[in-house]
Amino acid sequence: MPELPEVEVVRAGLQPAVTGAIVAGVEIFDERSLRRHQPAAGSFTDQLSGRRILAAVRRGKFLWLPLDSGRAVVIHLGMSGQVLLRTPGATTDHLLRIRLSLEHPTHGELWVNFVDQRVFGSMAVDAMAPTADGLPGGYSGTVEEDAPWRDHIPTQVAHIARDPIDPSFSASAFFALLARKNTGIKRALLDQNLISGIGNIYADETLFAARIHYEQPASSLSHAQATTLLAAVRTILQRALAEGGTSFDAQYVNVNGQSGYFARSLEAYGRHGTPCSRCGTLIVRERFMNRGSHFCPQCQRLR
DNA sequence: CAGTTAACCTGTCAGC
DNA sequence: TGCTGACAGGTTAACT
């Protein structure tokens with residue numbers, strides 16, 4: 001489940017189940033899902049076995065579980081990853097790549113199944129480093145202030161920008177980056193080094209809301225346009241999160257395998273050939289960055 | 001250097 | 001009923 005709202009749905013579902021639990025077992029069914037694990041400090045299984053999970057944290061589309069070893073399990077869902085909580089003994093999920101068996105002091109035994117059709121996602125145990133700004137590494141719900149992992153971030157996530165619903169996100173810094181980007185605004189929105197958490201669906205939705213053409217040069221946006229766009233990003237991500245994320249099929253589900261409801265609220269993504277809700281002009285789909293870009297040719301003019 | 005493209009993968013669905 | 005090609009919500013290495 002790829003974009004910020006879908007990943008946050010997973011994080012929120014994981015947090016109460018895994019916080020305080022001990023990793024009692026690790027089963028690897030497909031080594032490719034460990035592509036991002038650097039074995040120099042030890043194998044994935046060795047780094048994880050017997051460790052206690054302290055929290056569930058997210059920045060953009062990256063998720064991590066800090067461990068009592070000072071390291072963290074980093075999870076990225078890629079295009080098709082799922083994290084499913086199962087009762088031990090449950091029937092094997094199709095396309096299961098990795099399974100963690102947890103022992104929780106009060107909830108008992110639990111399976112955390114990492115399922116991933118396309119294997120673009122991954123799990124890895126990674127070192128933590130202090131954040132560059134000394135602020136919290138990501139969102140972890142309501143957690144004690146002095147936890148040592150709080151102002152740290154996994155090294156493989158350090159280059160990812162803060163996301164727009166992070167209280168520490170700097171709008172002025174983001175506007176300054178946009179102002180010197182010589183590329184289209186959609187490319188900039190999808191660049192996780194500028195702003196994280198936005199993918200193809202929410203890029204199209206927010207540009208539609210802000211009435212900006214996807215190829216409009218990022219540096220050409222007025223301050224007012226950039227402000228409108230960021231406000232749209234925040235509003236739409238929050239609404240999608242409140243509705244449990246966007247699901248077109250059983251691929252994008254929460255930790256219990258349930259779909260979200262935001263798909264019915266989409267105004268542009270996947271709506272090509274249907275009338276724009278504002279002006280009635282047919283929504284167009286164009287090929288862009290090897291994917292689809294959906295927009296209203298009347299409301300979103302290139303200028 | 002910044003910007004853009006290719007590669008990594010499997011499953012599903014439309015069209016023949 | 002196959003077969004083929006298009007398509008899918010992301011990231012990063014390697015191009016230009």
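Just so it is clear: chains get the letters A, B, ... in the order the sequence lines come, proteins before strands, and each one is counted from 1.
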With a centroid cutoff of 5.5 Å and a plane-angle limit of 30°, would you call A:F120 stacked on C:dT11?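 It does not: the two rings, one from A:F120 and one from C:dT11, miss the stacking criterion.
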Over how many whole Å does the gap from [X] atom [atom1] to [N] atom [atom2] extend?
X: A:N193; N: C:dT11; atom1: CG; atom2: P; value: 10 Å
X: A:E3; N: C:dG10; atom1: CD; atom2: C1'; value: 9 Å
X: A:R97; N: B:dG11; atom1: CZ; atom2: C1'; value: 11 Å
X: A:R118; N: B:dT12; atom1: CZ; atom2: P; value: 13 Å
X: A:R291; N: C:dG10; atom1: CZ; atom2: C1'; value: 7 Å

Between [X] and [Y], how do the two ring planes meet: parallel, tilted or perpendicular, split at 30° and 60°?
X: A:H159; Y: A:F62; result: perpendicular
X: A:H294; Y: A:Y269; result: tilted
X: A:F295; Y: A:H213; result: perpendicular

Taking DNA chain C as the partner, which of residues 208-222 of chain A come within under 4.0 angstrom of it by heavy atom?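 Nucleic-acid contacts, sorted: none.
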Out of curiosity, does A:V23 fall in the hydrophobic cluster containing A:L34 (side-chain heavy atoms, cut-off under 4.5 Å, transitive links)?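 Yes; tracing contacts between hydrophobic side chains, which count when under 4.5 Å, links both residues.
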So, are A:D163 and A:K61 salt-bridged, with charged N and O less than 4.0 Å apart?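 No, no charged N to carboxylate O under 4.0 Å.
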In the strands shown, is C:dG2 matched to any nucleotide by a Watson-Crick or G-U wobble pair with both distances under 3.5 Å, and which?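 Its partner is B:dC16 (Watson-Crick or G-U wobble, both distances under 3.5 Å).
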Can you tell me the base-pairing partner of C:dA8? Count Watson-Crick or G-U wobble geometry only, both distances below 3.5 Å, and say none if there is no partner.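 Answer to the pairing question: B:dT10, which forms a Watson-Crick or G-U pair with C:dA8.
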Would A:R99 pass as a cation-pi partner of A:W111, given that its NZ or CZ must be under 6.0 Å from the six-membered ring centre and within 45 degrees of the axis?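 Ring-cation test returns yes.
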Strictly below 4.0 Å: does A:R36 bring a side-chain N or O up to OP1 or OP2 of C:dT12?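 Yes, because at least one side-chain N or O of A:R36 sits under 4.0 Å from OP1 or OP2 of C:dT12.
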